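Note sheet for the following structure.
All chains are named by letter (A, B, ...) in the order of the sequence lines, taking the proteins before the strands, and each is independently numbered beginning at 1. Any value given below was found using the heavy atoms of this structure, including those in side chains, with hydrogens, waters and symmetry copies removed. Remember, predicted model here, so these are calculated numbers, not experimental data.
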Amino acid sequence: MTAAAAVRGDHATKPAVTLAVAQLRAVNPYRYRRYLNRAGLYASVIILISPAILFFFWMLSLSLKNEADNTAYPPVFIPHPPTLANFIDVFAKNDFLTYGINSVIVSFSATGLALLLGVPAGYGIAKTNATKAAVLILIARVTPGLSFLIPLFLMFQWLHMLGTLTPLVITHLVITVPIVVWIMIGYFEGLPVDLEEAALVDGCNIWQAFRYVAVPLARPGIMVGMILSFIFSWNNFIFGVVLAGRTTRTLPVAVYNVLTFEQISWGPLAAAALVVTAPVLLLTLLMQKEIVAGLTAGGVKGG
Amino acid sequence: MSATTAGMPVAPRVRPTGKRNYARRYWLFAMPAAMVVVAVILFPWLFTLVMSVNDWKVSGNVYFVGLGNYQHLFRDPRFLWAVARTLYFTTAAVIAPMLIGVWAAVCFASNFKFRGVARTIFIMPMMATPVAIALVWTMMFHPQLGVLNYLLSLAGLPPLSWVYNSTTVIPTLVMVETWQWTPLVMLIVLGGIASLPIDPYEAAVIDGANGWQMFRYITVPLVWPFIVVAAAMRIIDALKAFDTIFVITNGGPGTSSETINMLLYQTAFGYYDLGYASAMVVVFFVLILLVTGVLLRMRRWEHGI
Amino acid sequence: MIGRRTLLTGTAAVLAMPAIVERVGAQSAFDWKRYQGQTIVVSLTKNPRADNLQQHEKEFESLTGIRVESEQMPEQQQRPKMVMELASGRPSFDVTHFSLHVSKRVVGSGRWLVDMRPYLADRALTAPDYDWADMSPGARRAATQPDGRIDSLPLETDIWLIYYNRQIFQQKGLAFPKTFDEMLATARKLNDPANGIYGFVGRGVKNANVPVWTSILLGQDQETVTPDGKTLLTDTPAAIWAGEMYKSLLRECAPPGVVGFNWNECQTSFMQGKVGMWMDGVGFTPPLLDPKVSKIVDHVGFGLMPAGPKAHACPVFTDALGIPVESKVKEAAYLYCQWATSKAMLLNLVNMGGGASPRLSTYNDPTLMKNSPFGQEWLATLLASMKIARSGLPEIIPVTEFRDVFGIALSNMVGGADVAAELRAATTAFKPILEQSLKT
C-alpha cells in the first residue's frame with residue numbers, strides 16, 4: 001500500500017505509528033495515559049491550526065468592515081454592520097476583472113504546457129533513472145528568479161512582446177514544468193511494470209505504452225501536478241512585477257499596486273487581497289485530498 | 001519566488017526490466033521539457049554572466065571590467081552584511097518550520113476526528129498568495145492600530161515594534177515565513193511517517209522496547225530522509241525569499257532586513273547598476289548551489305552510498 | 001492678447017470647465033484639434049496631481065479629439081519601470097509623469113526625452129496663451145538640463161511646510177514655533193505618549209526620509225552638495241547639527257514605529273489626531289480636510305517651515321511631464337503636456353489642493369485669493385513658502401542611491417546610532433559613487 005493511500009485514510013492500513021502506539025497501549029498498564037495522550041493530541045492540533053484560523057478570520061473581518069470600523073482602536077472584530085462596499089470598490093477603482101482574466105489565462109496556459117511537456121518528461125526520466133535530467137530540472141528550482149528577469153525583459157522588449165501575455169506564460173513555465181516533472185517521476189516510478197510490459201510484448205511501441213497504459217494509470221498524479229502547478233503559477237509575483245505591462249498585469253501585481261498610497265484604506269486592501277487569494281484557497285479546499293496525497297507521495301520519492 | 005515542489009534527484013533504483021535498448025528512446029520523452037527549461041534559463045544565464053564582467057549602468061555606456069565587479073562585491077560592506085543577514089534569516093526560517101512541521105506531522109499521522117478538516121485548514125497558508133498574505137500581515141503589524149499589538153495588550157504584554165525596529169524585524173519576518181511554509185514541511189514528513197513499515201515496530205514491541213526507544217531507533221532513522229528533503233527545500237526557499245520581505249519591509253528599516261535577494265533587486269531596479277547586479281546574481285547562485293551540494297552529500301551519507 | 005479677460009474667464013472656468021476650453025480654442029489661431037483621432041498613453045504617478053489630470057481628462061479629449069489612456073501607478077514601481085522602459089528604447093507610454101528631484105539627471109544623461117524647446121517656439125504647436133515665461137524661474141530652471149535642453153514641462157512645485165494640529169496646540173497653550181530649536185522644544189512639550197499624543201511626525205523610512213533632514217539643513221543655509229554638484233557637504237558641522245535635530249525629533253517626540261513611516265503613514269497618524277506637527281509636502285493636503293477620512297478636519301493648521309540659525313528656507317520638489325523620443329505621437333503628446341501645465345489646469349490643481357503651481361500667474365488670480373479652497377492660512381503659507389523655496393535634493397545622477405545611503409544613515413540614527421559617525425560613514429560610502437557618476 002503506498003503512502004499516498006495511507007494518507008488518504010484508506011481503511012486497509014493504519015499508519016505504522018498509530019499501530020505501534022496501539023500495541024504499546026496494550027502492554028501499558030497505565031491506561032489513563034491514553035486519555036492524556038489523546039487530550040495532548042487535540043490540544044496540539046488546536047494550537048497548530050489556530051494561527052491559520054485567526055489570520056484568515058482577521059483578513060475576512062478587515063474586508064467586510066467600513067472605514068470607521070477599520071481605523072478604530074481597540075480593533076473591531078465583528079463588523080457592525082458588515083459591508084460589501086470594499087469589494088465593490090476594488091472592482092470599480094481597479095481593473096481587477098481584466099487582471100483576473102490575465103491571471104487565469106497565464107496560469108492555465110503555463111499549466112497546460114507544463115503537462116504537455118512534463119508528463120512525458122517525468123515518464124522518460126523515471127524509465128531511465130536519468131538523474132542528470134532531474135538535476136537539470138532541479139537547477140530551474142534553485143535559480144533565483146531575478147537572474148533571468150533582466151535578460152528576459154530585454155529580450156521581450158526587443159521582440160515587441162511586452163504588451164502581450166506570452167512573456168509571462170513562458171517565464172511561468174520555469175515554475176510549472178519542474179513541479180509537474182517532479183510529481184510525475186514519483187508517480188511513474190510507483191507504477192507496476194507488468195501492464196506496460198504486457199503492452200510492449202503485445203506489439204505496442206513505447207509511445208503507445210505510455211499513452212494508453214501509463215498515463216491513465218497515473219491520472220491521480222497528473223491531477224495533482226495540474227493543481228499544484230496552477231496554484232504556484234497563480235501566486236507568482238516577481239515575474240509579473242517586471243514583465244507585465246499596464247493591461248497584462250496579473251492579480252498579485254495588481255494587489256500590490258493597491259497598497260502603498262492608501263495606507264489606512266485597510267478595507268479595500270484586505271478585500272483586494274482576499275479576491276486575489278480566494279481562487280487558490282477554494283481550489284485547496286476542494287482538492288485537499290489530492291494535494292496532500294501528491295505532496296506526501298512525492299516526498300516518498302525523495303527517500 | 002514562491003516555492004515549487006520539485007525535489008531532490010531520484011536515487012537510482014534497481015528495476016527488473018531489462019529493456020535497455022529502449023533507454024535512448026525514453027530520452028526523447030524528456031527532450032521537449034529539457035529544451036524549454038534550457039532555453040528559458042540558459043540564455044538569460046549566459047547574458048547574466050556576460051553582464052557581470054561589464055560595467056553597465058542603464059543610462060551609461062557598457063565597458064568591460066573583467067573581474068572588477070566581483071572584487072568590489074567581496075569588499076562591499078553592504079553586500080557582506082546582506083550575506084550575513086541572509087544566513088541569519090535562513091537559519092531561523094528553516095529551524096522553526098522544521099521543528100513545528102515535524103511535530104505537526106506526528107500529530108496528523110494519528111487518526112482523530114475532523115483530521116481532514118484540520119489538515120485542510122493547516123495547509124491553507126501554504127497555498128495562499130504570498131503577496132496578499134504579506135499585505136494583511138503588514139496591516140496587522142501597525143504599531144498603534146494593528147490587531148497584533150492589541151492582542152498583546154489583552155495578554156498584559158507591552159506592544160512590540162514588529163517590523164519597525166531593526167532588531168525585531170528579522171524574527172518577525174521569520175515568523176511570517178514559518179506561518180506560511182510549515183505546512184510544506186509537515187506534508188513531506190507526513191509522507192515519511194505514513195510510509196513507515198509495521199514490522200520493525202512489531203519486533204521491537206516483542207523485544208520489550210518502550211515508546212521512546214522505538215521513536216529514537218526506528219522512527220527517526222526511517223523518517224530522516226524525508227526530514228532532509230524538507231530541510232533542503234526550506235533552505236533553498238528561505239535563501240531566495242523575496243515576496244514577503246519585499247512587500248512588508250522592502251529591506252527596511254534602513255537595511256536591517258536586506259537579504260541578498262533584496263539588495264539584488266535594489267541594485268538592478270533602483271540603482272540601474274546591471275553589471276554589478278549580475279555579478280551579485282552569480283555569487284548568490286553559487287552560494288545556493290554550494291548549500292544544495294552539501295545537503296545532497298548529507299543525504300547520500302545517510303544512505304551509505 | 002492675454003490679459004485680465006482671459007484670467008477672469010479662466011477663473012470662472014473652475015466652475016464651468018467646458019467654457020474655457022472653447023474660449024481658448026476660439027481665441028487662438030493655433031488649432032487644438034490638429035491631431036485629432038490619435039491615441040496617447042500617459043503614465044502617471046499615484047498622487048493628487050494625477051487625480052487632477054484624470055478628473056479633467058474628458059475635457060482634453062473633447063478639446064483635441066485625442067484619446068487618452070492614462071494610468072496611475074505607485075511611485076516605487078512607476079519610477080524604475082519608467083527608467084527601464086526608456087533605457088530599453090521601447091517605452092510603452094507617450095507621456096510620463098515623473099519627479100525631477102529623482103529622475104532628472106538620469107533621463108537627461110540618457111537623452112531619452114524630447115527637447116521641448118523647438119515645440120515651445122513653434123507657434124503652430126503651442127497655444128498663444130501658454131506663456132512659458134509665466135513659469136517661475138525656479139520651475140524653469142528645474143526643468144532645464146545642464147546642457148540647456150528643456151526636456152519636461154513642470155507640473156507641480158511641491159513646497160514643504162509644517163501641518164499642525166491646532167487643537168493639540170491649544171490644549172497645551174503653545175504657539176507655532178518660528179525656529180527649529182523652538183520646534184524641538186514645542187514637540188517635546190506636546191509629546192504625551194501616555195495619552196497617545198506625539199509632538200512630531202516625519203518620514204523615517206530610508207530614501208523617503210532624506211528631505212526631512214535637508215529641510216532642517218537649509219536652516220543652516222547649506223545644501224547637501226556644492227552648487228557645482230561635485231563635492232559632498234554631508235559631513236559638515238551644519239549637516240551634523242541637522243542630523244541631531246532629526247534624530248531628536250523622531251526619537252523623542254514621534255510615534256513608535258516612525259522609522260518605518262513614509263508620507264502616507266505620517267499622514268494617517270496626523271489625520272487620526274495623534275500628532276502635533278507633521279513636516280511634509282503641501283501636496284498632501286486634500287485628505288486632511290476630507291471628513292470621510294480625517295478626524296481633525298476643523299483643526300488643521302498650516303505653518304511655514306521654521307527658520308534655522310543662518311537662514312529661513314524651505315525645500316521645493318518639482319514634478320514634471322516628459323515625452324519619450326521614441327513616441328510615435330510626439331506632437332499629440334505635447335498637446336497633452338501643454339494642456340496639463342496650462343494656466344487653467346494649474347489653477348484647478350491649486351484649487352483641489354494637489355500642490356503648488358509652478359506658474360506665477362496662478363497666485364495673482366483674484367478668486368483664488370478670495371475662495372482659497374483650504375482657507376487663508378493655507379494660501380498665505382503657500383505663498384510665503386514659494387518666496388523662500390530652494391532645491392531640497394542634490395541634482396546629481398545617482399540621486400536614488402544618495403537617498404538610500406543617507407536615508408539608511410538617518411534611519412540608523414533614529415534607532416540610536418551616533419549622528420556624526422553615521423554621516424561620515426555615509427559620506428565616505430557615497431563619495432566614490434558620486435565621482436563615478438561625474439565621469440560619464
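The shortest distance between side-chain heavy atoms of B/Met140 and A/Phe55 falls below 4.5 Å. Proximity of A/Ser44 to B/Trp103: side-chain heavy atoms (C-beta onward) are separated by under 4.5 Å at one or more points.
For A/Val241, the part lying under 4.5 angstrom from a heavy atom of chain B is the side chain only. For B/Phe269, the part lying under 4.5 angstrom from a heavy atom of chain A is the side chain only. Residue A/Ile47 touches chain B through its side chain alone, counting heavy-atom pairs closer than 4.5 Å. Within the 4.5 angstrom heavy-atom criterion, only side-chain atoms of A/Val242, from C-beta onward, approach chain B. A/Leu48 touches chain B through backbone and side chain together, each having a heavy atom under 4.5 Å away. In this structure, no portion of A/Ile46 lies under 4.5 Å from any heavy atom of chain B. Looking at B/Val36, only its side chain comes within 4.5 Å of chain A, counting heavy atoms on both sides. The part of B/Met51 that comes within reach of chain A is its side chain, from C-beta onward, which places non-hydrogen atoms under 4.5 angstrom from that chain. In this structure, the portions of B/Tyr265 lying under 4.5 Å from any heavy atom of chain A include both its backbone and its side chain. Contact annotation for B/Val37: only side-chain heavy atoms (C-beta onward) come within less than 4.5 Å of a heavy atom of chain A. Of the two parts of A/Ile49, the backbone and the side chain both hold a non-hydrogen atom closer than 4.5 Å to a non-hydrogen atom of chain B. For chain B, the nearby part of A/Val177 is the side chain; its heavy atoms alone come within less than 4.5 Å. In this structure, the portions of B/Ile133 lying under 4.5 Å from any heavy atom of chain A include both its backbone and its side chain. Only the side chain of B/Val38 comes within contact range of chain A, with at least one heavy atom under 4.5 Å from a heavy atom of that chain.
For the residue pair A/Arg141 and B/Lys240, the shortest heavy atom distance occurs at O-NZ, 2.8 Å. The shortest heavy-atom contact between B/Val131 and A/Pro252 is CG1-O, 3.8 Å. Heavy atoms only, all atoms of each residue included: B/Ala128 and A/Val280 are closest at CA-CG2, 4.5 Å. Closest approach of A/Leu281 and B/Met124 over heavy atoms only: CD2-O, 3.7 Å.
Rounding to the nearest 0.5 angstrom, the gap separating the CG atom in A/Leu282 from the CE atom in B/Met127 is 13.5 Å. Atom CG of A/Leu41 and atom CZ of B/Phe108 lie 9.0 Å apart (nearest 0.5 Å). Taken to the nearest 0.5 Å, the OG1 atom of B/Thr138 stands 8.0 Å off from the CG atom of A/Leu269. Annotation: the span from B/Met139 atom CE to A/Leu62 atom CG amounts to 5.0 Å, rounded to 0.5 Å. The CG atom of A/Leu146 sits 8.5 Å away from the CZ atom of B/Phe284 when rounded to the nearest 0.5 Å.
Listed options B/Asn149, B/Val281, B/Leu187 were ranked by heavy-atom pairs under 4.5 angstrom with chain A; first place goes to B/Leu187. In terms of non-hydrogen atom pairs under 4.5 Å with chain A, the most contact-rich of B/Asp199, B/Thr129, B/Val147 is B/Thr129. Contacts with chain A were tallied for B/Ile100, B/Ile41, B/Ile218; B/Ile41 has the most, counting heavy-atom pairs under 4.5 Å. In terms of non-hydrogen atom pairs under 4.5 Å with chain A, the most contact-rich of B/Ala134, B/Cys107, B/Ala39, B/Ser278 is B/Cys107. Heavy-atom pairs under 4.5 Å with chain A peak, among B/Tyr150, B/Phe285, B/Phe122, at B/Tyr150. Options A/Ile231, A/Leu274, A/Ile125 differ in how many heavy-atom pairs under 4.5 Å they form with chain B, and the most are formed by A/Ile231.
Ring geometry for B/Phe112 against A/Tyr42 counts as perpendicular: the plane angle is over 60°, on a 0 to 90° scale with 30° as the lower cut. Taking the six-membered ring for Trp and thresholds of 30 and 60 degrees, A/Trp266 and B/His142 have ring planes more than 60 degrees apart, a perpendicular arrangement.
With a 6.0 Å radius and a threshold of 12 heavy atoms from other residues, nucleotides or ligands, A/Phe57 has its CZ atom above the threshold.
Qualifying ring-ring contact (aromatic ring centres under 6.0 Å, His included) partners for A/Phe210, counting only residues two or more places apart in sequence or in other chains: A/Tyr123, A/Trp207, B/Phe29.
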Extract all donor-acceptor atom pairs below 3.5 Å that involve side chains of residues 147-154 of chain A and protein atoms in other chains or at least two apart in sequence.
from	atom 1	to	atom 2	distance (Å)
A/Ser147	OG	A/Pro144	O	2.6

Review point. Where do A/Ile238 and B/Phe246 land on the side chain to side chain contact (heavy atoms under 4.5 Å, CB included) test, with the steps shown first?
Key: CA-CA 10 Å; A/Ile238 189 164; B/Phe246 183 75; over 6 Å; no
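Between B/Thr120 and the options A/Leu285, A/Val292, A/Leu286, a side chain to side chain contact (heavy atoms under 4.5 Å, CB included) holds for only A/Leu285.
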